[in-house]
Student: 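Have a look at this one before I ask anything.
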Amino acid sequence: MRPEPINNILDIVPYKGGEATIEGVDKVYKLSSNENPLGFSNAAAEAFKDASGELNIYPDGAHEELKNAIAKRYGIDENRIVCTNGSDEVFQLLGRAFLNPGDEIIQSEYGFLVYRLIAQQAGAICVSAKTKDYQTQIDAILAAITPKTKIIFIDNPSNPTGTYVSFDEIKRLHSAIPSNILFVLDAAYAEYVNANDYASGIELAGEFENVLMTRTFSKIHGLAALRIGWTYGPQRIIDALQRVRSPFNVSLPALKAGTAAMNDGDFTQNSAAHNQKWLGELSQIINEIGLKAIPSVTNFIMVEFKDAKHADDCDIFLKTKGLIVRKIGAYNLPNCLRISIGTDDANRRLIAALKEFMGK
Ligand SMILES: *Cc1c(COP(=O)(O)O)cnc(C)c1O
């Protein structure tokens with residue numbers, strides 16, 4: 001006999017982040033984790049440095065300053081926000097607070113891998129709804145609902161595909177699901193979206209008892225290293241999440257830097273503009289040279305190759321040029337690569353390398 005973890009936890013395939021180094025190459029261009037190529041807000045960096053004078057002090061376990069800054073920027077009630085150690089943590093908390101063994105969650109076919117992980121941790125089942133042209137299909141999600149369904153997770157826009165679902169479709173899904181099912185809208189890339197028919201879901205999360213919207217400081221705010229996320233939704237669910245999180249889940253430097261970042265609208269605006277410019281240009285060139293850029297509204301592009309070998313060969317070739325992109329075999333997309341929008345320099349190198357790989 002030996003101690004056994006519950007729910008076959010050792011069967012879980014651990015999440016692997018994007019690669020960051022290439023053996024023998026000093027200067028690498030990391031386009032594998034959808035990080036902000038412009039860095040981070042100077043004000044956030046200053047706040048982080050200031051925090052170095054208070055390392056002996058516990059952070060504010062209620063996250064008051066940060067929640068206040070978020071509430072002000074979005075015009076929402078700060079009591080209905082919970083801050084977490086990255087938005088990853090809130091998915092863990094949702095599993096803890098809402099899933100029993102045998103329960104089901106539904107995600108779209110290529111949904112963010114973390115949803116599956118938290119289901120497995122709870123001994124719950126992750127049901128995937130078929131996509132079409134890499135687009136989340138509302139009817140497929142509706143068809144997957146059973147009496148055991150507890151949570152529906154939609155990453156909108158979606159990682160790794162870069163596609164999105166219109167707000168009308170999100171509302172159609174919401175109005176058709178039983179009110180006991182929790183509907184989680186993961187809007188990690190919302191700030192990058194430039195489409196009239198998109199909405200993050202903040203209104204739904206404000207109005208309904210069963211809708212949550214999750215956000216992150218890791219993407220447009222450029223604070224991935226600090227691990228900060230936030231979630232907005234109905235009081236009763238927020239209260240449950242507040243009870244299952246650890247008391248000091250967001251560190252003091254993270255709280256201070258996050259507050260400064262939330263107040264720095266110029267930085268996020270510049271980041272969105274840089275992204276918008278390159279997203280169009282890169283997508284167009286990728287298509288012109290004979291690859292397929294899946295239409296993206298995010299800070300990354302999923303590129304479809306002839307087959308898995310073609311994608312692998314390109315990945316290897318890009319590495320010889322110092323460019324690291326993301327292989328997405330773990331999402332069942334071995335014939336695709338996910339490429340983050342980089343700095344001007346990185347994007348130009350990427351274009352030159354892709355052209356050379358395609359013999360153009
Ligand atoms: C990057 C990302 C997040 C953010 O994760 P953090 O834990 O906040 O860094 C959440 N959801 C999706 C779909 C993502 O791609």
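When a ligand or atom number is given, it counts from 1 through the structure's own listing order.
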Student: Can you name the atoms of ligand 1, numbered from 1 with element, that are less than 4.0 Å from a heavy atom of A188?
Tutor: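 Atoms satisfying the 4.0 Å criterion: 2 (C), 3 (C), 10 (C), 11 (N), 12 (C), 14 (C).
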Student: Just which atoms of ligand 1 are under 4.0 Å from any heavy atom in G86?
Tutor: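 It comes down to these atoms of ligand 1: 7 (O), 8 (O).
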Student: With no hydrogens and no angle check, do the side chains of N210 and S179 hold a donor and an acceptor under 3.5 Å apart?
Tutor: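 No pair is found: no donor N or O on one side chain lies under 3.5 Å from an acceptor on the other.
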Student: For a quick check under 3.5 Å, do W278 and N299 share a side-chain donor-acceptor pair by atom type?
Tutor: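 No.
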Student: Scan N347, N34, N36 and name whichever one has a side-chain hydrogen bond (donor to acceptor under 3.5 Å, both in side chains) with S340.
Tutor: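 When N347, N34, N36 are each tested with S340, the side-chain hydrogen bond (donor to acceptor under 3.5 Å, both in side chains) holds only for N34.
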Student: By number and element, which atoms of ligand 1 are closer than 4.0 Å to a non-hydrogen atom of S218?
Tutor: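 It comes down to these atoms of ligand 1: 6 (P), 8 (O), 9 (O).
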Student: Nearest protein heavy atom to atom 14 (C) of ligand 1, by residue and atom, and its distance?
Tutor: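 Protein heavy atom at minimum distance: K219 NZ, 3.2 Å.
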Student: So which bit of S87 gets within less than 4.0 Å of ligand 1, heavy atoms only: side chain, backbone, both or neither?
Tutor: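 Contact part for S87 vs ligand 1: both backbone and side chain.
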Student: With a heavy-atom distance limit of 4.0 Å, tell me whether D88 approaches ligand 1 through its side chain, its backbone, both, or neither.
Tutor: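 The answer is both.
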Student: With backbone taken as N, CA, C and O and side chain as the heavy atoms from C-beta onward, which portion of E89 lies under 4.0 Å from ligand 1: side chain, backbone, both, or neither?
Tutor: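 Answer for E89: neither.
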Student: Do ligand 1 and Y115 have nitrogen or oxygen atoms that lie under 3.5 Å from each other?
Tutor: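 N/O-N/O distance under 3.5 Å: no.
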Student: Which ligand 1 atoms, with their elements, are less than 4.0 angstrom from a heavy-atom of N159?
Tutor: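 It comes down to these atoms of ligand 1: 13 (C), 14 (C), 15 (O).
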Student: Is E356 salt-bridged to K321, cutoff N-O under 4.0 Å?
Tutor: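 The answer is yes: the pair qualifies as a salt bridge.
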Student: Strictly by modelled atom types, are N156 and Y189 linked by a side-chain donor-acceptor pair under 3.5 Å?
Tutor: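 Side-chain D/A pair, N156 to Y189: absent.
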Student: Tell me, please: is D186 in heavy-atom contact with ligand 1, that is, under 4.0 Å?
Tutor: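 Heavy atoms of D186 do come under 4.0 Å of ligand 1.
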Student: Which distance, rounded to the nearest 0.5 Å, do you find between the CG of N275 and the CG of N194?
Tutor: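 It is 10.0 Å, given to the nearest 0.5 Å.
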Student: Can you name the closest pair of heavy atoms from P234 and E209 and give their distance?
Tutor: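 Between these two residues, the closest heavy atoms are CG-O, 3.3 Å.
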Student: Hey, is E65 close enough to K67 for a salt bridge, meaning N to O under 4.0 Å?
Tutor: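 So E65 does not pair with K67 through a salt bridge.
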Student: Any idea which part of Y189 is under 4.0 Å from ligand 1, heavy-atom wise: side chain, backbone, both or neither?
Tutor: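 The side chain, only.
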Student: Show the atoms of ligand 1 that are less than 4.0 angstrom away from any heavy atom in T216.
Tutor: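 Answer, ordered by atom number: 4 (C), 6 (P), 8 (O), 9 (O).
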Student: Near R227, which atoms of ligand 1 are under 4.0 Å from a heavy atom of that residue?
Tutor: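 In order of number, 6 (P), 7 (O), 9 (O).
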Student: Run the side-chain hydrogen bond (donor to acceptor under 3.5 Å, both in side chains) test on D11 and Q120 for me, step by step, so that the C-alpha distance in whole Å, both residues' side-chain angles and the decisive distance to 0.1 Å come before the verdict.
Tutor: CA-CA 9 Å; D11 292 345; Q120 286 177 301; over 6 Å; no
